[in-house]
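Step one of this worksheet: look at the structure below.
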Amino acid sequence: MDTSNMNNIESRVQSYWTKRAHNFNIVRKNELNSSISERWREEIVHFLPEGKVLQILDVGTGTGYFAILLSQIGHQVTGIDLTDAMLKEARDNAALYQVHPTFQQMDAQKLAFLDQSFDVVISRNLTWTLPDPESAYREWMRVLKKGGILLNFDADYASNVRNQNTSASHISDTEVYGHCGVTPELEQENASITLSMPMSRKQRPYWDQEFLENIGFSRSGYDPSVGQNILKEHDLKDAPMFLVWGVR
């Protein structure tokens, strides 16, 4: 993707999530208060070293879901997102839950952190939105300490679009997973953005794991069942969530 196209798609992504931020956060807060959160914590902690406070970067933090969960168990978390409206919701959520992660507006593909700054880089539902996922993965590796861990939770949402499955986009504001308040115009824009992204043409998570191996992660792998284990009946049939992990 050339620079002009990349800038255009990033602007569209930022505009889309600015419009979606408030309604998106309604469901995220429902999820924070549900049993899903405990299953997320158990899954993540499984990969983390015990007995130390970790420096964790939550890339594409959105409204702060992972940043809050990991702050609640004592880690020092920095959450970044491209969209200022999302970060406002994240800061309000952190205050509500009385935790103190740091939030910064930043491009996940161009991190403003020194090399080897973090013990863990974690992300959820972000890489499918990136015009340059290769640069993002290289940057996430760069800021990881030696032996640090990358945990990337994502799904092949292009498959959901191709199968015209919109059930998760039309839930009530009392549900714990999915999207509420999505207008037909926003739904159409989401589909257009999704299919224009490089990730929509890759075999995932196989491509991701191979790429991590090629750029120098010492170990890497994937788990295609993580969505079934954590989200259970809320996992999307046409776009089940997977985990791609790597150790630097």
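Position 1 is the first residue of the sequence; numbering continues from there. Computed from heavy atoms alone, side chains included, the values below leave out hydrogens, waters and symmetry copies.
Hydrophobic clustering of Ile, Leu, Val, Met, Phe, Trp and Tyr side chains at less than 4.5 Å, counting indirect connections, keeps Leu150 apart from Leu48. Cluster annotation: Ile26 is not connected to Leu96 through the hydrophobic network of ILVMFWY side chains, with a link wherever side-chain heavy atoms come within less than 4.5 Å. In the hydrophobic cluster analysis, where Ile, Leu, Val, Met, Phe, Trp and Tyr join through side-chain heavy atoms closer than 4.5 angstrom, Val120 is grouped together with Val77. Under a hydrophobic clustering in which Ile, Leu, Val, Met, Phe, Trp and Tyr are joined whenever their side-chain heavy atoms come within less than 4.5 Å, directly or via other members, Val13 and Leu87 fall into different clusters. In the hydrophobic cluster analysis, where Ile, Leu, Val, Met, Phe, Trp and Tyr join through side-chain heavy atoms closer than 4.5 angstrom, Val244 is grouped apart from Phe47.
One finds a salt bridge joining Arg12 and Glu189 here, because a Lys/Arg side-chain nitrogen approaches an Asp/Glu carboxylate oxygen to under 4.0 Å. Using a cut-off of 4.0 Å between Lys/Arg side-chain N and Asp/Glu carboxylate O, Arg39 and Glu42 are scored as not salt-bridged. A salt bridge links Glu134 to Lys202: at least one charged side-chain nitrogen sits closer than 4.0 Å to a carboxylate oxygen. A salt bridge links Asp154 with Arg204; the closest basic N to acidic carboxylate O contact falls under 4.0 Å.
The ring-ring contact (aromatic ring centres under 6.0 Å, His included) contacts involving residues 71-100 comprise nothing, where partners must be two or more places apart or lie in separate chains. Each ring-ring contact (aromatic ring centres under 6.0 Å, His included) pair with one or both residues in residues 218-238, not counting sequence neighbours, appears once here: Tyr206-Tyr222. A ring-ring contact (aromatic ring centres under 6.0 Å, His included) check over residues 151-174, counting only residues at least two apart or in different chains, returns the pairs Trp40-Phe153, Phe66-Phe153, Trp128-Tyr157.
Contact detail for Ala94 and Phe103: the closest heavy-atom pair is CB-CE1, 4.0 Å. Heavy-atom minimum distance, Ile9 versus Pro131: CG2-CG, 3.3 Å. Summarising the geometry of Val27 relative to Cys180, their closest heavy-atom pair is CG2-SG, 3.8 Å, with the distance given to 0.1 Å. Closest heavy-atom contact between Phe113 and Leu57: CE1-CD1, 3.8 Å. Of all heavy-atom pairs spanning Leu186 and Val182, the tightest one is CB-CG1, 4.1 Å. Shortest non-hydrogen contact noted between Thr63 and Ala21 is CG2-O, 4.2 Å.
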Output, in order, the C-alpha distance, side-chain angles, deciding distance and verdict of side-chain hydrogen bond (donor to acceptor under 3.5 Å, both in side chains) for Gln116 and Arg142.
-> CA-CA 6 Å; Gln116 300 191 47; Arg142 180 183 66 80; over 6 Å; no
Given the rule in the side-chain hydrogen bond (donor to acceptor under 3.5 Å, both in side chains) test, do Asn152 and Thr127 qualify, once you have shown the distances and angles that lead to the verdict?
-> CA-CA 8 Å; Asn152 181 23; Thr127 35; 3.2 Å; yes
Dump the intermediate steps for salt bridge (Lys or Arg N to Asp or Glu O under 4.0 Å) on Arg124 and Glu31, then the final yes or no.
-> CA-CA 14 Å; Arg124 176 188 184 188; Glu31 188 179 358; 2.9 Å; yes
Output, in order, the C-alpha distance, side-chain angles, deciding distance and verdict of side-chain hydrogen bond (donor to acceptor under 3.5 Å, both in side chains) for Tyr16 and Thr83.
-> CA-CA 9 Å; Tyr16 173 83; Thr83 306; over 6 Å; no
Please step through side-chain hydrogen bond (donor to acceptor under 3.5 Å, both in side chains) for the pair Gln209 and Ser220, ending with a clear verdict.
-> CA-CA 6 Å; Gln209 190 270 328; Ser220 61; 2.8 Å; yes
Apply the test side-chain contact (heavy atoms from CB on, under 4.5 Å) to residues Leu32 and Leu69: give CA-CA distance (whole Å), side-chain angles for both, the deciding distance (0.1 Å), then the verdict.
-> CA-CA 8 Å; Leu32 272 169; Leu69 283 187; 3.9 Å; yes
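Ring geometry for Tyr137 against Trp140 counts as perpendicular: the plane angle is over 60°, on a 0 to 90° scale with 30° as the lower cut.
Checked by atom type and distance alone, the side chain of Ser71 pairs as donor or acceptor with a backbone atom of Ala67 at under 3.5 Å. Put simply, the side chain of Arg248 gets close to the backbone of Met141: a donor and an acceptor are under 3.5 Å apart. No donor-acceptor pair closer than 3.5 Å links the side chain of Ser192 to the backbone N or O of Gln188. The closest donor-acceptor contact from the side chain of Thr129 to the backbone of Leu126 lies under 3.5 Å. In this structure a side-chain-to-backbone donor-acceptor pair under 3.5 Å is present from Gln105 to Leu82. In this structure, Asn165 contributes its side chain and Val161 its backbone to no donor-acceptor pair below 3.5 Å.
To the nearest 0.5 Å, the span separating CE on Met86 from OG1 on Thr18 amounts to 8.0 Å. In this structure, Asp223 CG and His46 NE2 are separated by 9.0 Å, a value rounded to the nearest 0.5 Å. We find the CG-CG distance between Asp173 and Asn30 to be 7.5 Å, quoted to the nearest 0.5 Å. Between atom CG of residue Asn229 and atom CE of residue Met241 there is a gap of 12.0 Å, rounded to the nearest 0.5 Å. From Thr78, atom OG1 reaches atom CD of Gln104 across 6.5 Å, with rounding to the nearest 0.5 Å. Distance CD/Gln98 to CD1/Ile68: 12.0 Å, rounded to 0.5 Å.
Side-chain contact annotation: Tyr65 with Ser37, donor-acceptor N/O pair under 3.5 Å present. Side chain to side chain, Asn25 and Asn93 meet the donor-acceptor criterion of an N or O pair below 3.5 Å. Side-chain contact, Arg138 with Gln109: no donor N or O sits under 3.5 Å from an acceptor N or O.
Under the rule for a salt bridge (charged side-chain N to carboxylate O under 4.0 Å, His left out), the partners of Asp92 that lie at least two apart in sequence or sit in another chain are Lys88. Remark: Ser159 engages Asp156, Asn163, Asp238 in a side-chain contact (heavy atoms from CB on, under 4.5 Å) (not counting sequence neighbours). Residues satisfying the salt bridge (charged side-chain N to carboxylate O under 4.0 Å, His left out) criterion with Lys232, sequence neighbours excluded, are absent altogether.
The side-chain heavy atoms of Trp245 and Val247, taken from C-beta on, include a pair separated by under 4.5 Å. By the 4.5 Å heavy-atom criterion applied to side chains, Phe217 and Leu144 are counted as neighbours. Annotation: side chain of Tyr177 is in contact with side chain of Arg28 (closest heavy-atom distance under 4.5 Å). Between Asp58 and Leu70, the closest side-chain pair of non-hydrogen atoms is not below 4.5 Å. Put simply, the side chain of Lys52 reaches to within 4.5 Å of the side chain of Asp119, judged on heavy atoms. For the pair His179 and Phe24, the minimum side-chain heavy-atom distance is below 4.5 Å.
In summary, of the residues considered (Gln14, Glu139, Glu10), a side-chain contact (heavy atoms from CB on, under 4.5 Å) with Asp107 occurs for Glu10 alone.
Within 6.0 Å of atom NZ in Lys19, 12 or fewer heavy atoms from other residues, nucleotides or ligands are found, so the atom counts as exposed in its surroundings. Sparse packing is recorded around CD of Glu50, with 12 or fewer heavy atoms of other residues, nucleotides or ligands lying under 6.0 Å away.
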